[in-house]
Amino acid sequence: MSDALDATTGPGTGTASTPNGRRVPDWVILAIACVAQFMVVLDVSIVNVALPSIGRDLHYSPTGLQWVVNAYVLTFAGFLLLGGRAADLFGRRRVYLFGLGLFTIASLVGGLAQNAAWLTTARAVQGIGGAFLSPATLTIIVTTFSGVRMAKALGIWSAVAGAGGAAGSILGGVLTAEISWRWVLFVNIPIGVAATFAALFYLTEAKRHVRDENSPKLDVGGAITATAGLGALIYAIVGTDTHAWGSTYTLSILGLAAVLLAIFAFIQLRVASTPLVPFRLFRSRSVSGSNVVMFLVGAAFFSMWYFLSLYLQNVLGFGALKAGLSFLPMALSIIIGAQVSSRLLPKVGVRPLLLAGTVLVAGGFIWLSRIQAHSTYWDHVFGPGCVISLALGLLFTPLASAATSEVHFTEAGLASGVLNTARQMGGSVGLAVLATIAIDRTHSVFTAGRGSVSTDVALTSGYSRAFALAAALGVVAFVASFIVPSIGPKRSADVPSAPASEAVVDGEEAALPPLDPVGPTVAGLPGPA
């Protein structure tokens, strides 16, 4: 890491100041940022393989198990834009330490969980911590490096984030199989403690953060009402396995969700001086279309990892380690797709990549929906899993390009952050809907079989139904791609010029173009998924 950066720097350009005035290599600062980002991304994928073990030990219901994933994703998405603003207003060091401390403590509490409610709550707090920590890691990079050095630092940061997603399934399998599922959470503690001491010793604020009455205010109300509203919506959907859609219970929860989301909209339109989501952005077809496509793709894709983890272990009888290794080709396919997309975008433009990616999503899920209780990994899982993952990689870069192509350069970071939030929210809502439908299908097959249908057959029928509906979401995403204006190769490759913003490089002020404060899709790699 040090050589990659210092190879292009001259004398005196490879160090930065510490809180006590000492000079340290800037690769140490990069390491502080990358380790935390790795941990945030890791914690999304690492729990997937552990889901069956968690469900058995903590007695999660079939529909309730999704909250192990959704509690984290929902709060992460709901507070992500708030975390990005906080890093700008209160300083990278303060927000980094706050997010890291919250994330680490929640990991400890979650690892000690004795029941489902305990773990779900800890995962939700982890998501809030990650939402503050992830933007702070990017802020650290863009206020420490400039020019070629910043590009290389961002490349390393993106590669580490991608490695976190790929390593999560393997590490989760190893820890679950060899020790306990609890260690998929405990593993964050030594990392978090080490990163905390490193940040306290080495990390400084890039500049003094002095707030006055004219400073932008944090939209805490918006973050809380958006997260609570979507949480209530998901809770109502999940609850339909025991309460009918027309029941007083379900309608009451849906009504609460509607009220909370209406309050969120009111805050954004009338109350917040600096709203989390300026609705005027969606007047642009490019912004609104790309967010619709991303929401649908996220809703479909989150279901693949969730249901495949259950299918491989509950039906095919894979151990946790074998199941974790089974996801590695899919993680690599995302990276390959992202690299291919970044090279094709300047040549073919946005829409062809969106159409190709959504067709592959739909086709891959149709293929995956044909799984049977007696299927094998190589015949019915490997191929469609890699196709869907490749498609997701193909879609990242053109969607990011479309989401920022018609907005002013000063709001490009905000538009990119909204897009990332749409992906997380889509995944959370989509998983709730598809998991509920899958469980309902499984129950129906059991009931119709009157005891003659095996558990494996009933479970597989439910998973297959979920994959078929995910394919339908892919088709809708294909249609929604036509909302996005046709952005030609030259325009999609252009990067708008922007005035410099203040940054500290080697202890001195330097010019730096503004970047996405909540985690851009650098080199096509995703944030936490």
Minimum side-chain heavy-atom gap Ile170-Phe327 below 4.5 Å: no
Modelled atom types, side-chain donor and acceptor of Ser428 and Asn70, under 3.5 Å: yes
Donor-acceptor pair, side chain of Tyr306 and main chain of Leu431, under 3.5 angstrom: no
Thr104 side chain to Leu100 backbone, donor-acceptor under 3.5 Å: yes
Exam field: side chain Ser309 to backbone Asn48, donor-acceptor pair closer than 3.5 Å: yes
Under 3.5 Å donor-acceptor, Asn291 side chain and Val287 backbone: yes
Spatial distance of atom CD1 (Ile191) from atom CE (Met39) [nearest 0.5 Å]: 6.5 Å
Whether Arg182 side chain and Gly111 backbone form a donor-acceptor pair below 3.5 Å: yes
CH2-OG1 distance between Trp67 and Thr120, expressed to the nearest 0.5 angstrom: 8.0 Å
Residue pair Gly192 / Thr196: nearest heavy atoms and the distance that separates them: O-OG1, 2.7 Å
Test item: Arg123 side-chain N/O and Val68 main-chain N/O as donor-acceptor pair under 3.5 Å: yes
Side-chain (Tyr60) to main-chain (Ala116) donor-acceptor, under 3.5 angstrom: yes
4.5 Å side-chain heavy-atom contact, Asn314 and Tyr463: yes
Test item: Ser464 side-chain N/O and Thr460 main-chain N/O as donor-acceptor pair under 3.5 Å: no
Value rounded to 0.5 Å, distance of CD in Gln37 from CD1 in Ile140: 10.5 Å
Flag for Ser107-Gln126: side-chain donor and acceptor within less than 3.5 Å: yes
Side-chain (Thr358) to main-chain (Leu355) donor-acceptor, under 3.5 angstrom: yes
Heavy-atom side-chain contact between Ile388 and Leu360 under 4.5 Å: no
Test item: Phe396 and Arg423 side chains (from C-beta on) under 4.5 Å apart, heavy atoms: yes
Separation between CH2 of Trp181 and CG of Asp57, rounded to the nearest 0.5 Å: 6.5 Å
Over all atoms of both residues, closest heavy-atom pair of Ala195 and Val35: CB-CG1, 4.4 Å
Min side-chain heavy-atom separation Ser461-Thr442 under 4.5 Å: no
Distance, nearest 0.5 Å, that separates CD1 of Ile46 from OG1 of Thr176: 7.5 Å
Beyond-backbone contact of Leu473 with Phe365, side-chain heavy atoms, under 4.5 angstrom: no
Pairwise distance NE2(His380) to OG(Ser369) - rounded to 0.5 angstrom: 10.5 Å
Minimum heavy-atom distance Phe467-Ser303, with the two atoms named: CE2-O, 4.1 Å
